[in-house]
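Taking it in order: structure first as structure tokens, then the write-up.
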Amino acid sequence: MCWALAMHMQIANYRRVERRRSARVTLAVPLRVDGQELNGEEFIIRTHSHTVSQFGCMVPLDAELAPDQTVVLMNENTRQSVQCKVVTTRRNRDGHRYFGLEFVSPNSNFWRMSFCKPRARSLKRQYGPNRDSSSPSW
């Protein structure tokens, strides 16, 4: 019995539910990032988004940045700029460095798209005969 409980806990931890404020979308948007590296040198880097959300994005960057550091992100398609802070840094297996950026002002609609709430069920269309006779048949 104890072994079964331990195994269940391991599986539950492995499959833990992420608690995000909005859904993430894999989307490559051309971006320009303006900021200052840890050594004080200013940079302008052209890159693209890896994933985006209502509150920020993850981007590959060849720069030395620290958490809570601010940068300016410009969408090359719309020319809109927004100030972001670095919230995560990751190095991929291929050696590329990815930074999680969060918008300082969260109501910017920077990506010009709507995001569903996390864990929201997708809309399902009903095909075939209409089960409710009071609603119109399409």
Side-chain angles (χ1 to χ4, degrees):
M1 171 105 176
C2 185
W3 177 81
L5 180 62
M7 186 62 141
H8 176 72
M9 289 176 62
Q10 288 175 351
I11 292 171
N13 288 338
Y14 176 75
R15 295 180 182 169
R16 69 183 168 91
V17 176
E18 293 193 32
R19 292 182 173 93
R20 301 198 180 278
R21 294 178 287 173
S22 77
R24 281 186 178 177
V25 178
T26 302
L27 186 66
V29 176
L31 301 169
R32 188 179 100 180
V33 182
D34 297 29
Q36 192 173 30
E37 292 199 51
L38 294 177
N39 62 8
E41 188 176 327
E42 292 187 3
F43 66 85
I44 296 174
I45 298 176
R46 284 187 162 66
T47 186
H48 63 279
S49 60
H50 180 266
T51 55
V52 301
S53 77
Q54 180 179 351
F55 299 97
C57 64
M58 180 157 299
V59 296
L61 282 177
D62 291 326
E64 292 290 330
L65 303 175
D68 292 329
Q69 186 174 346
T70 59
V71 295
V72 176
L73 192 66
M74 186 179 81
N75 184 328
E76 295 273 16
N77 292 334
T78 64
R79 307 310 255 183
Q80 180 182 358
S81 294
V82 66
Q83 192 173 20
C84 299
K85 72 175 181 175
V86 177
V87 290
T88 61
T89 62
R90 295 183 184 156
R91 187 174 295 274
N92 206 359
R93 290 181 186 162
D94 59 8
H96 292 277
R97 188 174 295 161
Y98 288 83
F99 291 91
L101 304 177
E102 180 180 47
F103 301 139
V104 173
S105 58
N107 296 328
S108 66
N109 194 14
F110 185 73
W111 306 113
R112 309 266 196 235
M113 60 188 286
S114 298
F115 292 88
C116 63
K117 294 179 183 177
R119 297 183 307 261
R121 291 184 180 174
S122 60
L123 294 174
K124 294 181 181 177
R125 291 194 174 129
Q126 182 179 359
Y127 294 102
N130 199 358
R131 293 187 181 163
D132 183 10
S133 60
S134 64
S135 61
S137 169
W138 302 99

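Surrounding CG of N92 are more than 12 heavy atoms belonging to other residues, nucleotides or ligands, all under 6.0 Å away.
None of V71, V33, T70, V72 except one satisfies the side-chain contact (heavy atoms from CB on, under 4.5 Å) rule with C84; the exception is V71.
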Start with the C-alpha gap between C57 and F110, add the side-chain angles, then the distance that decides, and say whether side-chain contact (heavy atoms from CB on, under 4.5 Å) holds.
CA-CA 10 Å; C57 64; F110 185 73; over 6 Å; no

Evaluate the criterion side-chain contact (heavy atoms from CB on, under 4.5 Å) for residue pair V25 and M113; output intermediate values, then yes/no.
CA-CA 11 Å; V25 178; M113 60 188 286; 4.2 Å; yes

Taking it one step at a time, do L65 and L38 satisfy side-chain contact (heavy atoms from CB on, under 4.5 Å)?
CA-CA 6 Å; L65 303 175; L38 294 177; 5.8 Å; no

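With a 4.5 Å cut-off on side-chain heavy atoms, V86 and L101 count as touching. Using a 4.5 Å heavy-atom threshold, the side chains of H48 and P60 count as touching.
Clustering ILVMFWY residues whenever any of their side-chain heavy atoms sit less than 4.5 angstrom apart, transitively, puts L73 in a cluster other than the one holding Y98. When the side chains of ILVMFWY residues are joined at heavy-atom separations under 4.5 Å, either directly or via intervening members, F99 and L27 end up in a single hydrophobic cluster. Using a 4.5 Å cut-off between side-chain heavy atoms of Ile, Leu, Val, Met, Phe, Trp and Tyr, with links allowed through other members, V59 and F43 fall into the same hydrophobic cluster.
Judged by distance alone, the side chain of T47 and the main-chain N or O of L61 form no donor-acceptor pair under 3.5 Å. Looking at W111, its side chain never comes within 3.5 Å of a backbone N or O of Q54 through a donor-acceptor pair.
Interatomic distance, OG1 of T26 versus NE2 of H50, reported as 6.5 Å (0.5 Å rounding). Atom CZ of R46 is separated from atom CG of L31 by 11.0 Å, given to the nearest 0.5 angstrom.
The shortest non-hydrogen separation linking M58 to T88 is CE-OG1, 4.1 Å. Taking all atoms of both residues into account, the shortest heavy-atom contact from Q69 to E64 is OE1-O, 4.3 Å. The nearest pair of heavy atoms linking I45 to A63 is CD1-CB, 4.0 Å. Scanning both residues, T78 and R112, for their nearest heavy atoms gives CG2-NE, 3.9 Å.
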